[in-house]
Amino acid sequence: MSARLASGDTSLLAEMHATTSGLKVLVSTLGVHDLEVARRSMGGHGYSAFAGLGRLYADYLPSVTYEGDNFVLDQQVVRAALKAHNILASSSSPNTQSLSPSSAYLRLLVSPNQTPPPTPSPASWLDPSTSIALLEWRAALLVQEHARTTAQLDASVYQRVAKAVTEAFVAVQVSKMIEA
């Protein structure tokens, strides 16, 4: 990436920004949530200085704000997803090969893939590709629905869509690492 930037190629900046924004939100939100679960699991001892969670919580809680507030970063992830969706949807002959890694799930909205997968059988849940496919379908359908209803916002639409997009991206990347 730095070599491309040094040569003046900034084509990956938008992709990098959308990806890192989603990852920052995912990691900081899960971290704060998990610290709270740990504190609660200790009962009254979770508040004790000896448990050490109070200090961790105090240090980690601001992470949802610094380096970009999670609410703002969610909006940026959704904006990038909508941009990729609108480019794909407005094309007379959509080219799914041009989708970036963070928006590859949108390929599912282009025929012949337009039909969501059937309900998984109990045995298919043992195959990680089932979970990955469902996460990608969730992201694709949420982005598509949000694109249709942009004017009818609700309070948590950015959080839901950004979480779906980021989780689909992470699932695919983890799958690739395991396969390699």
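If you read the sequence from its start, that first residue is 1, and numbering goes on from there.
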Check the pair Val170 / Leu23 against side-chain contact (heavy atoms from CB on, under 4.5 Å), numbers first and verdict last. CA-CA 8 Å; Val170 168; Leu23 291 173; 3.5 Å; yes

Evaluate Val143 against His146 for side-chain contact (heavy atoms from CB on, under 4.5 Å), listing each step before the verdict. CA-CA 5 Å; Val143 169; His146 182 55; 5.7 Å; no

Any donor-acceptor pair under 3.5 Å linking the side chain of Ser124 with the backbone of Ser121? yes

Taking the side chain from Ser21 and the backbone from Ala18, do they hold a donor-acceptor pair closer than 3.5 Å? no

Answer whether the closest heavy-atom distance between the side chains of Phe71 and Gln159 falls below 4.5 Å. yes

Quick check: does any side chain N or O of Glu15 sit under 3.5 Å from a backbone N or O of Ser102, one acting as donor and the other as acceptor? yes

Between Arg39 and Glu36 (salt bridge meaning N to carboxylate O under 4.0 Å), is one present in this structure? yes

Correct closest heavy-atom pair for Leu109 and Gln144 would be CD2-OE1, 3.7 Å

Is a side-chain N or O of Ser90 found less than 3.5 angstrom from the main chain of Asn86, in a donor-acceptor match? yes

Go through the steps for Val77 and Val25 under the test side-chain contact (heavy atoms from CB on, under 4.5 Å), then give the verdict. CA-CA 10 Å; Val77 171; Val25 171; 5.8 Å; no

Might you confirm whether atom CD of Gln173 has over 12 heavy atoms from other residues, nucleotides or ligands at distances under 6.0 Å? yes

Testing the basics here: between Lys24 and Asn70, what is the closest heavy-atom pair and its distance to 0.1 Å? NZ-OD1, 2.8 Å

Whether the side chain of Ser103 engages the backbone of Leu99 through a donor-acceptor N/O pair (distance < 3.5 Å, no angle test) should be reported. no

All pairs passing ring pair (Phe, Tyr, Trp, His ring centres under 6.0 Å) where residues 50-70 contributes a residue, at least two apart: none

Quick one: CG on Leu30 to NE2 on His33, what's the gap to the nearest 0.5 Å? 8.0 Å

Would you check if Val64 and Asp69 make a side-chain contact, meaning some heavy-atom pair closer than 4.5 Å? no

Criterion salt bridge (Lys or Arg N to Asp or Glu O under 4.0 Å) on Arg148 and Glu145, from CA distance to verdict: CA-CA 5 Å; Arg148 286 187 196 143; Glu145 180 64 22; 3.7 Å; yes

Whether Asp154 and Arg160 form a salt bridge (side-chain N of Lys/Arg under 4.0 Å from carboxylate O of Asp/Glu) is what I want to check. yes

Looking at every heavy atom in both Ser63 and Val32, which two are closest together, and how far apart are they? OG-CG2, 4.4 Å

Minimum heavy-atom distance Pro62-Asp59, with the two atoms named: CD-O, 3.5 Å

Note, Arg107 side chain near Glu136 side chain (heavy atom, < 4.5 Å): yes

Which hydrophobic side chains are connected to Trp125, either touching it within the sub-4.5 Å cutoff or through other members that do? Leu134

Donor-acceptor pair between His17 and Gln76 side chains, under 3.5 angstrom: yes

Do Val165 and Val78 have side chains that get closer than 4.5 Å, going by heavy atoms? no

NZ (Lys163) with more than 12 external heavy atoms under 6.0 Å: no

Heavy-atom pair of closest approach, residues Phe169 and Pro101: CD1-O, 3.6 Å

Which atom names give the shortest non-hydrogen contact between Leu106 and Ala140, and what distance separates them? CD2-CA, 4.4 Å

Any donor-acceptor pair under 3.5 Å from Thr19 side chain to Met16 backbone: no

